[in-house]
Protein chains: 2
Amino acid sequence: MSHEPVSPTAHTASSVSDRPVLKLNQFLPYRLIHLAETVSRSFSQIYADQYGIGIPEWRVIATLGEHPTMTARDIGTATSMHKTKVSRAVATLESRGYVEREKNPDDLREQVLKLSSQGNAVYADLVPRALAYSKELEDALTEEQSELLGDIFGRLHDAANAYRPD
Amino acid sequence: MSHEPVSPTAHTASSVSDRPVLKLNQFLPYRLIHLAETVSRSFSQIYADQYGIGIPEWRVIATLGEHPTMTARDIGTATSMHKTKVSRAVATLESRGYVEREKNPDDLREQVLKLSSQGNAVYADLVPRALAYSKELEDALTEEQSELLGDIFGRLHDAANAYRPD
DNA sequence: TATTGTTATACTCTATAACTATA
DNA sequence: TATAGTTATAGAGTATAACAATA
């Protein structure tokens with residue numbers, strides 16, 4: 001199952017009726033979105049049960065692990081999350097004791113965020129498991145496929161962003 | 001931007017500290033989920049404003065367009081949607097006049113669903129635009145990438161489904 | 001006036017379970 | 001007892017705008 005080609009054959013112009021047909025399970029956007037739902041669900045097992053956090057919180061932890069001090073605005077830029085989503089994720093993480101905040105003396109509107117020592121421990125626990133998860137997905141691909149994947153994602157992302165309806 | 005490799009280089013074991021680092025914007029699950037969010041948002045422009053429906057409703061229309069008579073259960077199987085989600089999508093579509101239902105005389109628990117003539121008109125309007133959208137994404141890829149995509153999705157989907165945390 | 005970040009509001013979506021009716 | 005489908009409930013997530021503080 002499921003190893004069918006995407007849209008080159010996703011439609012078949014019937015020679016009998018002119019009714020256009022779209023085969024949903026070979027249709028690129030459907031397959032992509034459905035795949036992402038499946039990955040999101042299985043990946044969240046890594047952090048959801050154990051730490052009681054969701055995707056936005058995981059992204060904040062991952063971003064602060066990579067760039068140890070950032071403002072909420074920086075995190076929004078880095079993760080494409082809206083400032084309200086970042087604000088709530090940070091509030092959740094602070095209430096769990098994983099993130100600390102400190103006003104920037106040079107601009108009191110801003111606060112510098114960083115992982116607490118507990119947050120660093122969570123990061124240290126999560127990263128190897130996250131990488132192992134990702135590796136399991138990649139290992140399902142051929143070497144050729146694996147090498148192309150980053151470029152494919154980049155091109156699809158740019159194309160989706162560029163799309164404007166007729 | 002954004003044409004970076006995925007996880008082969010998504011982590012770098014620092015030689016200075018042993019702190020593992022995960023680069024979020026090169027991390028496969030993040031890139032996949034983020035891409036799908038972008039595609040989902042741009043693709044939904046095709047049907048959301050004009051017909052006031054969401055993804056579940058679009059999937060029901062696409063499924064009934066492909067297989068003209070199905071039960072709600074069949075649609076759930078075909079689209080991996082829970083029966084409550086199918087039930088509500090069908091109710092929405094019926095209230096809009098796009099779907100008709102009829103009890104199956106051989107098993108009165110079931111109802112046979114089909115697109116109304118108005119629903120068929122919506123389908124006929126949406127399918128070419130959906131295919132054009134998909135083509136725009138594919139055209140951003142090289143021929144080699146485009147040919148591999150279906151197999152890649154299938155392999156990733158199977159791997160994500162098979163994943164069990166340690 | 002513009003920006004950082006929070007809060008309020010209303011809305012959508014989702015998951016679960018409980019339910020009806022049929023088998 | 002099991003299945004098709006609906007409804008209830010509560011919780012999670014989302015978008016928008018309004019807001020306070022600061023620049």
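Keep in mind that the numbers below use all heavy atoms, side chains included, and drop hydrogens, waters and symmetry copies. The sequence lines fix the lettering, A, B, ..., with proteins before strands; numbering per chain opens at 1.
- In this structure, A:R101 reaches the C:dT6 phosphate: one of its side-chain N or O atoms is under 4.0 Å from OP1 or OP2.
- Whole-Å rounding puts the B:H82 NE2 to D:dA8 C1' distance at 14 Å.
- Remark: A:S87 is in phosphate contact with C:dT6, judged by side-chain N or O atoms under 4.0 Å from OP1 or OP2.
- Whole-Å rounding puts the A:Q111 CD to C:dT3 P distance at 18 Å.
- In this structure, the side chain of A:T63 engages the main chain of A:R59 through a donor-acceptor pair within 3.5 Å.
- Salt bridge status for A:K85 with B:E37: absent, with no side-chain N to carboxylate O gap under 4.0 Å.
- Checked against D:dA15, C:dT16, C:dT4, the side chain of A:E110 finds its nearest nucleotide in C:dT4.
- Each of A:V90 and B:P56 lies near DNA chain C, and the nucleotide nearest A:V90 is the one positioned closer to the 5' end.
- Atom CE of A:M70 and atom P of C:dG5 are 11 Å apart (whole Å).
- In this structure, A:M81 atom CE and D:dG13 atom P are separated by 12 Å, rounded to whole Å.
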Atom pairs under 3.5 Å, N or O on each side, protein against nucleotides 21-23 of chain C: can you list them with distances?
unit_1	atom_1	unit_2	atom_2	d
C:dA23	OP1	B:L108	N	2.9

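- Atom CD1 in A:I75 sits roughly 11 Å away from atom P in C:dT6 (whole-Å rounding).
- Within 6.0 Å of CD in B:E102 there are 12 or fewer heavy atoms belonging to other residues, nucleotides or ligands.
- We find that CZ of A:R73 is positioned 16 Å from P of C:dA2, with the value rounded to whole Å.
- Counting non-hydrogen atoms under 4.0 angstrom, A:T71 reaches the backbone sugars and phosphates but no base.
- To the nearest 0.5 Å, atom CD of residue A:E138 and atom CD of residue A:E147 are 11.0 Å apart.
- Here the side chain of A:E136 pairs no donor or acceptor atom with the backbone of B:Y163 at under 3.5 angstrom.
- Heavy atoms of other residues, nucleotides or ligands lying less than 6.0 angstrom from CD of B:Q45 number more than 12.
- With rounding to whole Å, B:E37 atom CD is found 12 Å from D:dG13 atom C1'.
- Residue contacts shown for B:R41 are absent, as no nucleic acid heavy atom lies under 4.0 Å away.
- Atom NZ of A:K83 is separated from atom P of D:dA17 by 12 Å (rounded to the nearest Å).
- Regarding contacts with the backbone of D:dT14, a side-chain N or O of A:K85 is found under 4.0 angstrom from either OP1 or OP2.
- Closest to the side chain of A:R88, out of D:dT6, C:dT6, C:dT9, is C:dT9.
- Looking only at distances, no side-chain donor or acceptor of B:R101 sits under 3.5 Å from a matching main-chain atom of B:E94.
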